[in-house]
Amino acid sequence: MVNELGWFYLGGMTVLFFFWAYGIVSFVLDVKNKFIPKGRQYLRGRKKLKEEERREEERKEREEQLY
């Protein structure tokens, strides 16, 4: 038979498990909804900048060839 201290221990562990599980789920959702989209946005921005630099270089080469 479980005494009062045992019930207190089981209740405390249940509460701690709830917050532990909530923290894991919250972290996964944050990664999915915040960090992954920000990473994709960052990579798109870098790709766009590289493309613009390439176009600018081609434009400068064409200008130099004209003169």
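- Applying the under-4.5 Å side-chain rule to Ile, Leu, Val, Met, Phe, Trp and Tyr, the cluster around Phe27 extends to Val31, Phe35, Ile36.
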Could you walk me through whether Glu64 and Lys60 pass salt bridge (Lys or Arg N to Asp or Glu O under 4.0 Å), step by step? CA-CA 6 Å; Glu64 288 176 3; Lys60 284 182 181 180; over 6 Å; no
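- A distance of 12.0 Å separates CG in Leu29 from CD1 in Ile24, rounded to the nearest 0.5 Å.
- With a 4.5 Å cut-off on side-chain heavy atoms, Arg44 and Gln41 count as touching.
- The aromatic rings of Tyr22 and Phe18 sit parallel, their planes meeting at an angle under 30°, below the 60° perpendicular limit.
- Few gaps surround CZ on Arg54; more than 12 heavy atoms of other groups in view lie less than 6.0 Å from it.
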Using the side-chain contact (heavy atoms from CB on, under 4.5 Å) rule, take Lys38 and Tyr42 through it: C-alpha gap first, then chi angles, then the decisive distance, then the call. CA-CA 6 Å; Lys38 292 286 185 186; Tyr42 173 75; over 6 Å; no
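- When the shell of 6.0 Å around CD of Glu4 is examined, it contains 12 or fewer heavy atoms from other residues, nucleotides or ligands.
- Within 6.0 Å of CZ in Arg59 there are more than 12 heavy atoms belonging to other residues, nucleotides or ligands.
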